[in-house]
2 protein chains.
Amino acid sequence: MLHAMPRSGQPQAFELVLAWVDAQILEGRLGVGDHLPAERELAASLDVSRAAVREAVRTLQAQGVVNSFVGAGPGGGTVLTSVPSRALSRLLRLHVALANFPLPDVIEVRIALERLSARLATVNASDDDLADARRALEVMRDPSIDRQAFNDADTEFHVALATAAGNRLASDLTAAIRESMRLPILDRFRHLRDWDEVVGDLRSDHEAIFAAIERRDADEAERLVEAHIRSAWLALTHVPGDALFEPLPEDELAAWEGAEGGDLIS
Amino acid sequence: MLHAMPRSGQPQAFELVLAWVDAQILEGRLGVGDHLPAERELAASLDVSRAAVREAVRTLQAQGVVNSFVGAGPGGGTVLTSVPSRALSRLLRLHVALANFPLPDVIEVRIALERLSARLATVNASDDDLADARRALEVMRDPSIDRQAFNDADTEFHVALATAAGNRLASDLTAAIRESMRLPILDRFRHLRDWDEVVGDLRSDHEAIFAAIERRDADEAERLVEAHIRSAWLALTHVPGDALFEPLPEDELAAWEGAEGGDLIS
DNA sequence: AACCCGCTAATGGTCGGACCATTCAGCGAA
DNA sequence: TTCGCTGAATGGTCCGACCATTAGCGGGTT
């Protein structure tokens, strides 16, 4: 791993700040909940401009390491946080959009992660976790549900399982991956015709997965999760005939556009 | 997913820039290799200060989406890139250091990812990929190798397998996870006494994994990878007795410190 | 005609200073 | 004791200036 030496041998000013913060974290002098020194103060002590400090703070913010609040006292300032999931989501979403991560690759990773989550959930799931998942299931059971709401509940269900697994990295990655695929999948949904059939399959898939986890059957849960994701993906990509696809009415399209998940940083 | 509305309802200036870039990417008007408008130009057209644009660029840089170069013409400017691995590494490393991601959780995810990689590698590995892995194996075969070099070759081997799998997300995540664990593992290595025994086990593990992949035995490769990672982790954590641990000589410690992986952004 | 050199413009990198909006803590008045 | 005001501290934003680096152009030399 090389240092970042853009042009000359001089590190950039904001990198000095990053290096300083890194060191504080590595040496345990800064932890979640602690405040960074005030921007003016930090700038003076590291002998860089305040702009450089702010650029470093933006970097840390983009990595989900820090969050800033205006105002004096404990309520203000830049605080070490612990919300990697948003940062991961945005990172994956951008790179999926840039086609650095092809969707089939993403699917394979998602299967690997959710298999792990399913297995862990059979061991670690608390009653509360199961209740969350069950709630999502009930939403999806509504026969009059529209595609958007179903998709949201679907996401909720999978995230609930990932959370139930009790593995923060796995659940954050799972949530991030689902979010990164949200737009591409929505795009495919738009042209999907046999919605009723697909939604029926998804519903029964979910019920079966939940049942397996509830009865603590790890192997079956793992198997079902993989089968579920694969078949759902196939239903969205493999097109037996053009007859399956038709454009949606304009007004319905508009409703979906409105739900854009344009989360930014903090 | 909510928008980031820190204080008032007004989005921050740099978020306007991020939103603009996002839109360009989503709508396909910007792709890898394209140049962002010059900072002054972008600032003028979005009616924000240049500082705001720069903060947005830092955010994108932290996400591995962009890279900046000084100077005029095609060689200069801010360019859309496709290097998510460094960004992922830094993100994971920081959050592992902040204990947002407990190491046991990271290990479980690593196993899931490397099992996937091993399976895919039995299908997709090219001769070149296998040659890379073989080279790392040969380095590790050297009986007089020191811990640092062995660890590097070990990383190389696993990354080579992940690359051989042909799944960019899986390989980038694998590399990032390994990097994020580098310092913590080095920390444990420092106190490990029975190095010769451990290194022998690791060596034979690697050889067996490679052989399984070479003969295209997916199930066995998967099984061996999981067993390997678990046993290696156990060797580093599970301490049968304090006799296994002893501090290293000072000079050896210093050599390790020098290899700090302080990669920053670009 | 071909080559070389230096100038100019464009770009990101850096800085200092200024002002705003928000928040909190402390103090004084009721 | 309680309310309210005020001042200080903080991040948010902008402006303008200057620097270092780079590419491209144009003139001069060979």
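In the text below, chain A, chain B and the rest are named by the order of the sequence lines, each starting its count at 1.
- Checking B:Ala52 against B:Arg40, the closest nucleotide of DNA chain D that is more toward the 5' end is the one next to B:Ala52.
- Of all nucleotides listed (C:dG13, C:dT22, C:dT11), C:dG13 comes nearest to the side chain of B:Arg58.
- Using a 4.0 Å cut-off between charged side-chain N and carboxylate O, B:Asp22 and A:Arg90 make a salt bridge.
- The nearest whole Å value for the distance from the CD atom in A:Glu55 to the P atom in D:dG12 is 14 Å.
- Atom CZ in A:Phe69 sits about 10 Å away from atom P in D:dG12, given to the nearest Å.
- Put simply, B:Thr78 has a side-chain N or O that comes within less than 4.0 Å of OP1 or OP2 on C:dG12.
- Residue A:Val57 is classed as having no contact, given no heavy-atom separation below 4.0 Å to the nucleic acid.
- If B:Leu36 and A:Gly75 are placed on DNA chain C by their nearest nucleotide, the residue sitting closer to the 5' end is B:Leu36.
- Distance CZ (A:Arg54) to P (D:dT13): 7 Å, rounded to an integer number of Å.
- The base of C:dG17 does not come close enough to the side chain of A:Arg50 for any donor and acceptor atom to sit less than 3.5 Å apart.
- Counting to the nearest Å, the P atom of D:dG16 and the CD atom of B:Glu39 are 17 Å from each other.
- Comparing D:dC14, D:dA9, D:dT21 by their closest approach to the side chain of B:Val70 singles out D:dT21.
- Across D:dG11, D:dC14, C:dC24, the shortest atom-to-atom separation from the side chain of A:Ala38 is found for D:dG11.
- The main-chain N or O of B:Leu169 is never found under 3.5 Å from a side-chain atom of B:Asp172 such that the two would form a donor-acceptor pair.
- Counting any heavy atom pair closer than 4.0 Å across all strands shown, A:Gly76 reaches no nucleic acid atom.
- Proximity of a side-chain donor or acceptor of B:His35 to a complementary backbone N or O of B:Gly76 within less than 3.5 Å is detected.
- Remark: the backbone N or O of A:Asp105 is paired with a side-chain donor or acceptor of B:Asn167 at under 3.5 angstrom.
- A salt bridge links A:Arg110 with A:Glu114: at least one charged nitrogen is closer than 4.0 Å to a carboxylate oxygen.
- To the nearest angstrom, P of C:dC24 lies 10 Å from NE2 of A:His35.
- Closest to the side chain of A:Ser68, out of D:dG11, C:dC15, C:dC24, is D:dG11.
- Counting to the nearest Å, the C1' atom of D:dG12 and the CD atom of B:Gln12 are 7 Å from each other.
- One interatomic measurement links the two molecules: CG of A:Leu42 to P of D:dA9, which rounds to 17 Å at whole-angstrom precision.
- A:Phe14 places its CZ atom 14 Å from the P atom of C:dG12, with the value rounded to the nearest Å.
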